[in-house]
Enquirer: 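Can you read through this structure? Questions will come right after.
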Amino acid sequence: MFHLQEFLKQQQAQDLYRTRKVCEGQQGPRQVCDNKQVLSFCSNDYLGLAAEPELAESMRKATEKYGVGSGAAHLVNGHSYAHHALEEELADFLGRERVLLFSTGYMANLGTVSALLGRNDSVIADKLVHASLIDAAKLSGAKLRRYQHCDITSLEQRLSKAGSGKRLLVTDGVFSMDGDIAPLNELVSASRGDASALLVDDAHGFGVIGKQGRGSAEHLGCHDDIDILVGTLGKAFGTFGAFVAGSDDLIETLVQKARSYIYTTALPSAVAEATRTSLRLVKQADDRREKLQVLIKRFRSGADQLGMTLPDSQTPIQPIVLGTAVQALSVSRQLASAGILVTAIRPPTVPEGSARLRITFSASHSTQDVDQLLTVLERCG
Ligand SMILES: *Cc1c(COP(=O)(O)O)cnc(C)c1O
């Protein structure tokens, strides 16, 4: 067998060893994790829908109708009325010709980039894009060129060096570990031309910002200009899965070629049914989105009073960048001993030297929860 112990010991020595907590009950601010009651600020359940009774009820009913497993891939006989209806409703919501459901966001990115690009093409990616987009670029065989975070000058330098093949610009809408929003209007301009396209992965913006939760591009006024929109359903939508939205030709190409679509079992139909309910709730969730903004503002002004400088983020992702993995782990442990769960995010998830606490808020947090977090942060110095 391979000498795995060496690797594991090394991870431990560098404070990069990862462990899992075992949590009980539903997703929400108050959970029991590793047998301890905690107040948590680390999930992506931004609207508090993961434990919404209406979603659970629609999933239960759909399970009676469809059973549990979908039984096959979409192109065999696993594509149900529920999947089809969800795709049409998402397309309608986003003003796109078509939507294609994928089993996860990771698979949506892998399948899309590798279906569209090959060896002679280029992927031009923000330095801080999600790992799945980097893996997607590698899988496609295209040349991967990364520009400085949100830096259009750096992007244009990379573009000018790209060869004559196709160029796909890829970015997160809201950056998953930083919470800032990509300069999408500028990216739209930079990606004009027959051989270029822009893919926006809006895993953390979809449902959370923009009119009715349409996401980052809607928030910035360029929603109709994004060629390829990727959204995930396991975050603000509170269910599971992901989708790609775009033109009829794009979606048809993915149906023919995206291997992570073709060679995998379809999502359970009951998950798709629950997501249809979720879409209905997300559209009407202005109160939850406003509540989030109240919590974010309260946290930021409280942190400011404590003399902490936070990166510029208007989204529920509010990182406290600490530096080394040890520093991030140590503060995370101090918070844990005060009953507050915020996980330390370490390299390679974030660049070396920028280990952090990634604090996230959900509409199901209360202002008292935010105050409690601030009190404990103050005590931890
Ligand atoms: C979470 C995330 C994904 C992956 O989505 P899953 O459905 O969890 O696989 C993709 N892109 C970004 C930016 C994400 O934050």
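Remember, it's 1-based here, ligands and their atoms both numbered in the order they're listed.
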Enquirer: Under 4.0 Å between a side-chain nitrogen and a carboxylate oxygen: does that hold for Arg298 and Asp371?
Expert: yes
Enquirer: Tell me which part of Thr104 gets within contact of ligand 1: side chain, backbone, both or neither, using heavy atoms under 4.0 Å.
Expert: both
Enquirer: Return yes when Ser132 approaches ligand 1 closer than 4.0 angstrom through a heavy atom, no otherwise.
Expert: yes
Enquirer: Record the part of Met107 in heavy-atom contact with ligand 1 below 4.0 Å; permitted values are side chain, backbone, both and neither.
Expert: neither
Enquirer: With respect to Phe243, which candidate in Phe102, Tyr261, Phe206 satisfies the ring-ring contact (aromatic ring centres under 6.0 Å, His included) definition?
Expert: Phe206
Enquirer: What is the closest protein heavy atom to atom 15 (O) of ligand 1, and at what distance does it sit?
Expert: His204 NE2, 2.5 Å
Enquirer: With under 30° as parallel and over 60° as perpendicular, where do the rings of His83 and His79 fit, or are they tilted in between?
Expert: parallel
Enquirer: Determine whether the side chain, the backbone, both or neither of Ala242 has a heavy atom under 4.0 Å from any heavy atom of ligand 1.
Expert: neither
Enquirer: Report yes or no: does Lys235 have a heavy atom closer than 4.0 Å to ligand 1?
Expert: yes
Enquirer: Quick one: look up the protein heavy atom nearest atom 7 (O) of ligand 1 and list residue, atom name and how far away it is.
Expert: Gly105 N, 2.7 Å
Enquirer: Taking Arg30 first and then Asp369, would you say they form a salt bridge - that is, a charged N and a carboxylate O separated by under 4.0 Å?
Expert: yes
Enquirer: Among protein heavy atoms, which sits nearest to atom 11 (N) of ligand 1, and what does the distance come to when rounded to 0.1 Å?
Expert: Asp201 OD2, 2.5 Å
Enquirer: Side-chain donor-acceptor pair under 3.5 Å between Tyr46 and Asn44, yes or no?
Expert: yes
Enquirer: Only one of Arg280, Arg276, Arg60 passes salt bridge (charged side-chain N to carboxylate O under 4.0 Å, His left out) with Glu54; say which it is.
Expert: Arg280
Enquirer: At what distance is the nearest protein heavy atom to atom 4 (C) of ligand 1, and which residue and atom is it?
Expert: Tyr106 N, 3.6 Å
Enquirer: In plain terms, say whether Arg98 and Asp248 are close enough for a salt bridge, that is, a side-chain N and a carboxylate O under 4.0 Å apart.
Expert: yes
Enquirer: Of all the atoms in ligand 1, which lie at a distance below 4.0 Å from a heavy atom belonging to Ser176?
Expert: 15 (O)
